[in-house]
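What follows is a short report on a single structure.
It should be emphasised that the depicted structure is a prediction, and the values quoted were computed from it without experimental measurement. Here is the naming used below: chain letters follow the sequence lines, and residue numbers restart at 1 for every chain.
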2 protein chains.
Amino acid sequence: MKHGHKYSEEDILELLKEKKLSITGPRKLILKLLTAEHGPYTADEIFQKLPKGSCDKASIYRSLSQFVDKDIVQIAHLEKDVVHYEFNHPDDHHHHIVCRLCHKVEVIHDCGIERLERTLEKVGYTNVKHRLEMVGTCEKCNLNKNSRNG
Amino acid sequence: MKHGHKYSEEDILELLKEKKLSITGPRKLILKLLTAEHGPYTADEIFQKLPKGSCDKASIYRSLSQFVDKDIVQIAHLEKDVVHYEFNHPDDHHHHIVCRLCHKVEVIHDCGIERLERTLEKVGYTNVKHRLEMVGTCEKCNLNKNSRNG
DNA sequence: TATTTTTTGCAAATTAGTTGCAATTTCATC
DNA sequence: GATGAAATTGCAACTAATTTGCAAAAAATA
């Protein structure tokens with residue numbers, strides 16, 4: 001799979017083979033959805049978005065869990081107690097900032113944590129990954145707040 | 001509350017007042033535990049560590065949730081589907097790296113994300129916070145793995 | 001101290017996620 | 001392409017974490 005273009009059916013099959021996962025209906029459907037849309041989505045949102053009856057919820061959980069193990073999908077904890085899943089585009093490392101009031105999600109590129117990863121590798125860790133989530137109050141919400149109070 | 005010393009009963013009362021939370025048995029117990037020990041702990045671990053019968057589990061969840069809202073406690077998602085809570089010492093900003101094999105947790109100081117927070121504040125966000133979690137395979141586990149395979 | 005407000009403990013409910021299992025599908029080999 | 005072993009699925013039952021309703025108790029306020 002080349003970087004920087006949309007994932008075709010072919011690409012998805014190739015990805016599954018590359019990761020030594022057998023090619024099944026549910027897996028294809030889930031990857032098709034996650035590669036085509038930005039997400040991040042909860043397991044339930046994925047279930048809702050797939051054609052009705054095309055895939056059992058248990059299979060979604062099982063597939064997502066395998067995808068995470070194989071680093072095809074990554075988890076984001078954007079809100080307390082809500083697990084979001086997102087396709088891990090190899091050429092699009094990013095994080096999110098969520099507004100604590102309106103819950104708008106924006107993407108952050110260039111997190112600058114690579115340096116920290118290198119440091120950890122120097123002290124013996126291998127294959128270091130990170131998960132970063134940010135919260136703030138966005139400009140719009142700040143304006144609303146001020147206009148309400150004063 | 002001055003920085004850099006242990007939290008006394010007094011400090012805990014002061015903290016609760018400062019955050020406009022009424023002073024109750026469960027809240028004092030939970031904060032006493034979380035300020036005294038490193039953690040991070042799950043809600044259930046906190047329950048186990050408190051004197052038997054001293055505090056209902058529902059109250060632990062309710063208190064923790066309020067503490068998080070008030071920024072007294074912070075959440076860490078060290079493992080999938082496990083929520084850990086940790087006292088947010090104002091002078092001890094840190095993160096964790098968890099070994100993906102032995103699950104050993106180490107503390108990371110100096111994460112370098114402050115720069116990113118400043119950038120976000122420049123584009124209109126206020127009160128930006130972050131949550132960073134890292135995973136890697138620790139040196140010991142790498143050695144074990146190699147000695148098993150080769 | 002009396003009154004109002006908040007919090008608690010308990011039990012029941014909810015929810016996300018997991019599991020056992022028989023039926024089905026995929027894969028590897030012929 | 002057929003064949004059998006291995007992996008995966010859908011379903012339903014289950015589990016574990018967290019939440020909720022409510023009456024009693026405790027804390028804050030007047």
How close or far is atom C1' of dT6(C) from atom NZ of K17(B), stated in whole angstroms? 17 Å
Regarding D44(B) and K57(B), does a basic nitrogen lie under 4.0 Å from an acidic carboxylate oxygen? yes
Any carboxylate oxygen within less than 4.0 angstrom of a Lys/Arg side-chain nitrogen, looking at K17(A) and E14(A)? no
To the nearest Å, how far apart are K20(B) NZ and dT6(C) P? 14 Å
Once you round it to whole Å, what is the distance between P of dT7(C) and CD1 of I60(B)? 16 Å
To the nearest 0.5 Å, how far apart are OG1 in T35(A) and CG in N88(A)? 12.5 Å
Measure the CG-CG distance between L34(A) and L64(A) for me, rounded to the nearest 0.5 Å. 6.5 Å
Quick one: what's the B/S/- string for nucleotides 12-25 of chain C, heavy-atom cutoff under 4.0 Å, read 5' to 3'? ----SBBBB-----
Please, which pairs that meet ring pair (Phe, Tyr, Trp, His ring centres under 6.0 Å) have at least one residue in residues 67-88 of chain B, sequence neighbours excluded? H77(A)-H77(B), Y7(B)-F87(B), F87(B)-H89(B)
If you walk 5' to 3' along DNA chain D, what is the first nucleotide with an atom under 4.0 Å of a heavy atom in chain A, and what is the last? dA7(D) to dT19(D)
Pairwise distance CD1(I75(B)) to CG(D81(A)) - rounded to 0.5 angstrom: 6.5 Å
To the nearest 0.5 Å, atom CG of L50(B) lies from atom CD1 of I46(B) at 7.5 Å
dist L15(A):CG -> I72(A):CD1 (nearest 0.5 Å) comes out at 4.5 Å
